[in-house]
Amino acid sequence: MADCKVYVTRRIPKPGTELLSKHFEIDSYDSDEAIPHQVLVEAMKKKRYDALYCMLTDTIDSEVLEAAGSQLKIVATMSVGYEHIDLHECATRNILVANTPGVSTDSVAELTVALLLLTSRRIAEGVEAVRNGEWGDWKPHWLCGTELTGSTLGIYGLGRIGFNVGRRLKPFGFSKIYYTDVHEVSYAKDIDAEFTDFEGLIKNCDFICVCCNLTPQTRHMFNAETFKKMKNNAILVNTGRGGVIQHDDLLEALKNGDIAAAGLDVTEPEPLDKDHPLVHQKNCVILPHMGSNTWDSRNAMAEIAARNCVAAITNQTPEGNVLTS
Ligand code: DGY
């Protein structure tokens with residue numbers, strides 16, 4: 001086992017390196033920035049690695065896997081999302097794929113609530129107004145937002161994160177919580193959430209939190225047609241994946257009043273250019289994909305991805321096993 005080798009595509013939090021160093025010889029891309037694709041391909045050719053420890057910014061495609069060689073046992077991503085990994089190629093080559101489910105649930109759920117309040121109460125505009133010296137005498141109509149209390153909440157994707165968003169938001173006193181997912185889930189009753197189809201969700205909800213993965217089924221589900229069917233007062237919050245929303249259509253919907261506001265922690269593309277019109281749209285708040293940016297989450301993510309690498313070389317099933325068959 002001492003001969004096992006891992007390639008790590010970034011500087012990672014200490015708990016990850018500490019665990020890896022007990023089981024592997026480690027090579028890594030010694031930077032806080034993402035490794036360029038060709039640099040990764042070349043790195044994979046240099047040694048015969050048993051494990052590839054990657055981030056959600058690394059495209060793990062056939063070129064990387066071919067360069068890595070047939071001894072590669074696992075692609076372990078330090079993320080919940082795994083849409084950057086070609087699962088079909090990994091399965092064909094008998095390579096395990098593992099993510100870090102669960103550990104960022106609380107951090108992402110907390111940020112979703114923050115983004116919902118930030119958007120509904122126009123907090124970013126308020127902060128900006130104070131900074132710009134626009135805070136004058138008290139005015140009855142200035143910077144008024146919408147209360148969550150008594151309104152309808154929709155959760156698109158009631159997985160771990162969606163459920164924990166609902167759990168945190170329930171005490172705000174929504175009149176109704178709806179959710180849409182591929183199928184009904186029994187734990188929805190714990191937050192009194194009612195299953196509905198996508199049409200029901202977009203037509204009935206004042207606030208919609210997108211908490212799903214990006215799949216062919218969820219891609220661009222929020223588009224011009226969807227925005228036309230949503231309530232004009234609706235606020236859309238996305239902490240799932242940017243690709244669930246068609247961003248040109250969102251911009252139009254925000255400009256022409258099809259919906260009231262949006263709060264985005266994830267966008268398409270990422271990063272979003274500072275000159276992108278959505279960045280300057282007043283009723284849109286954009287954060288730089290920081291849902292899991294807490295020390296607790298990042299340390300745990302680093303350690304679990306490392307544990308997954310260790311599992312692969314000790315013939316155990318990684319805890320975030322993505323390819324189940
Ligand atoms: C994940 O783990 O997939 C998150 O999006 C990272 O913040």
Side-chain angles (χ1 to χ4, degrees), residues 8-13 15-16 29 31-35 52-61 74-87 90 96-116 118 155-165 168 181 209-219 221-222 236-245 247 262-272 285-309 318-323:
V8 183
T9 63
R10 198 81 65 94
R11 280 185 205 133
I12 56 167
Y29 186 63
S31 170
D32 290 324
E33 304 300 326
I35 186 170
L52 171 58
Y53 184 121
C54 67
M55 310 287 129
L56 49 76
T57 40
D58 309 324
T59 302
I60 308 300
D61 55 10
I74 187 165
V75 174
T77 183
M78 196 188 115
S79 62
V80 177
Y82 48 83
E83 64 278 356
H84 53 294
I85 303 170
D86 188 330
L87 298 184
C90 288
L96 291 163
V97 177
N99 67 345
T100 60
V103 283
S104 52
T105 301
D106 292 328
S107 52
V108 179
E110 284 176 10
L111 192 95
T112 309
V113 175
L115 200 44
L116 186 57
L118 200 59
I155 303 175
Y156 185 45
L158 203 73
R160 278 196 190 90
I161 292 175
F163 175 75
N164 275 283
V165 167
R168 283 165 173 79
D181 210 317
C209 295
V210 176
C211 300
C212 61
N213 293 329
L214 182 61
T215 65
Q217 289 72 39
T218 61
R219 175 161 208 87
M221 277 303 274
F222 287 84
L236 180 65
V237 166
N238 188 6
T239 51
R241 280 295 183 259
V244 178
I245 297 176
H247 283 61
L264 314 173
D265 182 45
V266 287
T267 58
E268 186 184 64
E270 284 184 17
L272 204 60
V285 177
I286 303 184
L287 299 178
H289 197 151
M290 52 190 290
S292 69
N293 295 26
T294 64
W295 297 116
D296 292 332
S297 280
R298 290 293 162 82
N299 287 338
M301 287 161 82
E303 191 173 347
I304 290 183
R307 275 214 296 271
N308 287 337
C309 291
E319 56 201 273
N321 198 18
V322 170
L323 296 170

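Both backbone and side-chain heavy atoms feed into the values below; hydrogens, waters and symmetry mates do not. Order of appearance sets the numbers: ligands from 1, and atoms from 1 within every ligand. In this chain, numbering begins with 1 at the start of the sequence shown.
- Counting heavy atoms from C-beta on, the side chains of Met78 and Glu303 never come closer than 4.5 Å.
- Remark: Arg219 does not engage Glu83 in a salt bridge, criterion side-chain N to carboxylate O under 4.0 Å.
- Against a heavy-atom cut-off of under 4.0 Å, Gly81 is close to the following atoms of ligand 1: 1 (C), 3 (O).
- The nearest heavy-atom contact from the protein to atom 2 (O) of ligand 1 is Val80 N, 2.6 Å.
- Each of the atoms 2 (O) of ligand 1 lies under 4.0 Å from some heavy atom of Met301.
- Inter-residue side-chain proximity for Cys90 and Val75 is flagged as met; some heavy-atom pair is nearer than 4.5 Å.
- Counting atoms of ligand 1 from 1 in the listed order, those under 4.0 Å from a heavy atom of Arg241 are 1 (C), 3 (O), 5 (O).
- Residues Leu264 and Leu287 fail the side-chain proximity criterion, which asks for heavy atoms closer than 4.5 Å.
- A side chain to side chain donor-acceptor pair (under 3.5 Å) with Thr57 is found for exactly one of Glu270, Arg10, His84, namely Arg10.
- Residue-ligand proximity: Met290 is placed with every non-hydrogen atom at 4.0 Å or more from ligand 1.
- In terms of polar-atom proximity, defined here as any N/O pair under 3.5 Å, Ser292 does make such a contact with ligand 1.
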Could you go through the salt bridge (Lys or Arg N to Asp or Glu O under 4.0 Å) check for Arg160 and Asp106 one step at a time?
CA-CA 9 Å; Arg160 278 196 190 90; Asp106 292 328; over 6 Å; no
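- Closest to atom 4 (C) of ligand 1 by heavy atom, among His289, Glu83, Arg298, is His289.
- Residues Asn308 and Ala98 come closest through the heavy atom pair ND2-CB, 3.5 Å.
- For ligand 1, the polar-atom distance check against Gly291 finds no nitrogen or oxygen pair separated by under 3.5 Å.
- The part of Leu56 lying near ligand 1 is the side chain, judged by heavy-atom distances below 4.0 Å.
- The shortest N or O to N or O distance between Met78 and ligand 1 is not below 3.5 Å.
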